[in-house]
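Following: one structure in structure tokens, then a few remarks.
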2 protein chains.
Amino acid sequence: MNSISEKTIGRLSLYRRILGELAQKQTQHIYSHELAAMAGATAAQVRRDLMPVGYSGSPTKGYGVRDLMDSISKFMDAPCGQSVALVGLGNLGRAILTYFAGRRPNLTITVTFDNDRSRVGKAFHGCRCYHTEELQKVIAQNNIRMAIIAVPADHAQSVADNLINCGIYGLLNFAPISLRVPGHVYVEYIDITTSMEKAAYFTRRAIERAKSGKSA
Amino acid sequence: MNSISEKTIGRLSLYRRILGELAQKQTQHIYSHELAAMAGATAAQVRRDLMPVGYSGSPTKGYGVRDLMDSISKFMDAPCGQSVALVGLGNLGRAILTYFAGRRPNLTITVTFDNDRSRVGKAFHGCRCYHTEELQKVIAQNNIRMAIIAVPADHAQSVADNLINCGIYGLLNFAPISLRVPGHVYVEYIDITTSMEKAAYFTRRAIERAKSGKSA
DNA sequence: CAAGCATTGTGAACTGCGTAACGACATTAA
DNA sequence: TTAATGTCGTTACGCAGTTCACAATGCTTG
Ligand SMILES: NC(=O)c1ccc[n+]([C@@H]2O[C@H](COP(=O)([O-])OP(=O)(O)OC[C@H]3O[C@@H](n4cnc5c(N)ncnc54)[C@H](O)[C@@H]3O)[C@@H](O)[C@H]2O)c1
Ligand SMILES: NC(=O)c1ccc[n+]([C@@H]2O[C@H](COP(=O)([O-])OP(=O)(O)OC[C@H]3O[C@@H](n4cnc5c(N)ncnc54)[C@H](O)[C@@H]3O)[C@@H](O)[C@H]2O)c1
């Protein structure tokens with residue numbers, strides 16, 4: 001199986017974003033060690049990650065910024081754009097919608113759902129909000145295969161079940177629970193609470209280290 | 001050095017949250033395989049993660065829910081509470097502040113900063129917003145050692161520099177860039193854009209697998 | 001009371017990821 | 001032309017993290 005690791009895909013996403021900024025600054029070429037420094041990685045890792053992409057740089061010029069960016073896009077993106085549904089238009093859901101509105105042409109939040117009738121019907125950022133009852137119909141009509149879950153934790157599992165039942169194959173879950181899904185469904189987790197507690201723990205460790213280092 | 005891995009700390013945070021819910025339901029005891037199922041892990045991994053915590057379960061009753069939760073808290077949390085600063089009160093920053101307000105007594109966002117004067121001075125959720133100019137003073141006064149960065153990407157590095165200059169040892173960074181920080185500072189990254197693209201990629205892969213599996 | 005049983009804690013084996021190392025190659029300079 | 005330089009692509013290695021496997025433990029039951 002020539003399967004690409006999740007870590008590599010994550011870094012490719014980051015490399016592409018950096019290349020995009022470089023392209024805006026009219027930078028033509030870049031070496032692996034330069035890209036690595038900007039991405040917080042090593043030169044060897046960058047070269048390794050780029051292997052499956054199939055783009056080759058020149059030993060003297062490095063990588064062509066524009067070409068590499070396009071190659072990564074060709075490798076990662078859907079050929080014809082991808083529509084995403086967002087479920088839960090609370091504080092976090094609205095922040096996400098606002099952020100992604102009009103940003104990526106190839107990966108767009110096209111519909112949103114909530115079960116709060118006061119939100120239903122309104123359009124945020126040109127994106128209509130439907131009631132959760134209409135999940136099945138709207139997802140089928142728009143041929144959506146991926147969804148973002150931004151509902152409270154105690155509703156997340158049932159929302160996921162519904163989505164999968166409607167033919168969803170991939171989820172980005174912000175609710176702080178582990179979802180039980182069938183084997184064919186991919187789930188990406190963002191657990192802000194856990195990240196917060198991790199950061200708090202390692203912050204304390206960093207302080208301890210600094211103190212003991214000072215005294216030593 | 002008997003250093004604990006980041007992965008383990010992340011899962012301990014999740015275990016504790018699950019235990020909290022179990023405690024509310026008056027569940028007294030739980031086995032490693034039950035906790036593993038709820039956390040999306042394996043029984044062996046749960047037991048391994050619990051080793052550094054130092055709490056021992058009984059081979060017949062399993063782990064005491066309340067006791068294990070307390071042991072994890074004693075292991076992970078600061079003995080006397082921890083204050084966190086939030087920089088950037090945009091859409092994401094406000095969502096985070098709203099979510100954490102009054103939720104965790106031991107880990108609290110106590111001050112916020114923005115450079116938009118229209119936000120400064122107001123209090124969101126009983127938490128005053130200061131102008132970034134006052135960073136040094138306010139952080140010193142409140143003895144803050146950790147901060148959340150929720151400003152646009154092109155300001156994130158300079159904000160981080162300022163924070164570190166004020167004595168911050170740990171960061172939770174939502175800006176989609178890699179921060180350059182001195183070795184004594186810990187950084188935890190949440191890159192929503194990358195997670196989104198990862199999910200999109202593996203969603204497509206899941207669809208392909210399902211199709212080829214169907215035809216095979 | 002002893003045998004049986006399910007679970008715990010942990011050493012040992014395994015897996016996968018990141019790093020190091022090295023041959024290949026294009027350019028530059030002598 | 002030829003030697004020197006610096007980077008690329010790829011293979012090989014080492015380590016961290018996960019899973020396996022089993023002795024130790026203490027309840028249950030006949
Ligand atoms: N905001 C944060 O910083 C933060 C931090 C950690 C975790 N989270 C998690 O992210 C998720 C969303 O957080 P939030 O702050 O936006 O919460 P929120 O309460 O502001 O929003 C939740 C939204 O989901 C809607 N909803 C509830 N049940 C629903 C259902 N069954 N179907 C459709 N919509 C439903 C509600 O009407 C509401 O609009 C939660 O699971 C939360 O635990 C958020
Ligand atoms: N909202 C999302 O879903 C999302 C997704 C991906 C990435 N992000 C990242 O999260 C960060 C915040 O996103 P957002 O949607 O809240 O953006 P936003 O534009 O809504 O908020 C940014 C806030 O930061 C403040 N700010 C700007 N420069 C500042 C400075 N130098 N010092 C202090 N405050 C400053 C602004 O006044 C504003 O209030 C950004 O880096 C963004 O790239 C957000």
Side-chain angles (χ1 to χ4, degrees), chain A residues 1-15 19 22 27-69 71-72 75 178 189 194 198 201-202 205, chain B residues 1-15 19 22 27-65 67-69 71-72 75 178 186 189 194 198 201-202 205:
Chain A
M1 273 289 281
N2 65 5
S3 176
I4 311 301
S5 92
E6 291 198 25
K7 304 276 183 79
T8 295
I9 294 295
R11 284 189 297 265
L12 285 176
S13 160
L14 176 58
Y15 300 155
L19 291 167
L22 289 171
T27 308
Q28 300 294 326
H29 295 276
I30 189 170
Y31 293 118
S32 61
H33 64 87
E34 296 173 309
L35 186 52
M38 288 187 244
T42 66
Q45 186 155 60
V46 168
R47 294 202 298 272
R48 173 127 245 210
D49 288 334
L50 292 182
M51 255 196 275
V53 172
Y55 174 79
S56 273
S58 125
T60 44
K61 297 284 183 188
Y63 302 96
V65 169
R66 198 96 223 174
D67 290 346
L68 179 53
M69 194 174 72
S71 295
I72 294 177
F75 178 75
S178 169
Y189 292 92
T194 286
K198 254 181 80 178
Y201 176 82
F202 286 105
R205 295 284 303 232
Chain B
M1 273 292 279
N2 64 7
S3 175
I4 312 300
S5 91
E6 291 198 24
K7 304 271 185 83
T8 295
I9 294 294
R11 284 189 297 264
L12 285 176
S13 159
L14 176 58
Y15 300 156
L19 291 167
L22 289 170
T27 309
Q28 299 295 325
H29 296 275
I30 190 170
Y31 295 118
S32 60
H33 64 87
E34 296 173 309
L35 186 52
M38 288 186 246
T42 67
Q45 184 152 62
V46 168
R47 294 202 297 273
R48 188 135 287 251
D49 288 335
L50 292 182
M51 258 198 274
V53 172
Y55 174 79
S56 272
S58 127
T60 44
K61 296 285 183 188
Y63 303 95
V65 169
D67 290 346
L68 180 52
M69 194 173 72
S71 296
I72 294 177
F75 178 76
S178 170
Y186 176 84
Y189 292 91
T194 286
K198 254 181 80 177
Y201 176 83
F202 286 105
R205 296 284 304 231

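First the proteins, then the strands, lettered A, B, ... as listed; each starts at 1. Just the heavy atoms: all of them, side chains too, but no hydrogens, waters or symmetry mates, feed the values below.
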Quiz item: Got a donor-acceptor contact below 3.5 angstrom from the A/Ser58 side chain to the A/Thr60 backbone?
Solution: yes
Quiz prompt | Closest to side chain of B/Ala44, choosing from D/dT7, D/dC20, D/dT25 | solution = D/dC20
Exercise. Taking all heavy atoms of A/Ala43 and all of A/Ala36, pick out the closest pair and write down the distance.
Key: N-CB, 3.5 Å
Self-check item: Residue pair B/Leu12 / A/Tyr201, side-chain heavy-atom distance below 4.5 Å
Solution: no
Quiz item: More 5' along DNA chain C: A/Ala41 or A/Thr60, using each one's nearest nucleotide?
Solution: A/Ala41
Quiz item: Using 30° and 60° as the class limits, which term best fits the ring planes of B/Tyr186 and A/Phe202: parallel, tilted or perpendicular?
Solution: parallel
Quiz prompt | Whole-Å gap separating C1' (C/dA6) and NE2 (B/His29) | solution = 15 Å
Quiz item: Should B/Arg47 be listed as having a side-chain N or O under 4.0 Å from OP1 or OP2 of C/dT8?
Solution: yes
Quiz item: With a non-hydrogen cut-off below 4.0 angstrom, is A/Thr8 in contact with a base, only sugar-phosphate, or nothing?
Solution: nothing
Quiz item: Quick one: is C/dT7 close enough that its OP1 or OP2 comes under 4.0 Å of any side-chain N or O from B/Ser32?
Solution: no
Quiz item: Side-chain N or O of B/Tyr63 less than 4.0 angstrom from OP1 or OP2 on C/dG9?
Solution: yes
Practice problem: State which of D/dT18, D/dG6, D/dA12 makes the closest approach to the side chain of B/Gln45. | Solution: D/dT18
Self-check item: d(CE, B/Met51; C1', D/dT19) in whole Å
Solution: 12 Å
Practice problem: Report yes if a donor N or O on one partner sits less than 3.5 Å from an acceptor N or O on the other, where the partners are the side chain of B/Arg48 and the base of C/dG11; otherwise report no. | Solution: yes
Practice problem: May I ask you to verify if any side-chain N or O of A/Ser56 is less than 4.0 angstrom from the OP1 or OP2 atom of D/dG9? | Solution: yes
Quiz item: OP1 or OP2 of C/dT19 less than 4.0 angstrom from a side-chain nitrogen or oxygen of A/Thr42, does that happen here?
Solution: yes
Self-check item: Separation of atom NZ in A/Lys61 from atom P in D/dT7, rounded to whole Å
Solution: 13 Å
Exercise. Examine distances only and state if a side-chain atom of A/Ser71 and a backbone atom of A/Asp67 form a donor-acceptor pair shorter than 3.5 Å.
Key: yes
Quiz item: D/dT18 phosphate, OP1 or OP2: any side-chain N/O from B/Arg11 under 4.0 angstrom?
Solution: yes
Quiz item: Between D/dT18, D/dC8, D/dT10, which nucleotide gets closest to the side-chain atoms of A/Tyr31?
Solution: D/dC8
Exercise. Using atom CG of B/Asp49 as one end and atom P of C/dT8 as the other, report the distance to the nearest whole Å.
Key: 14 Å
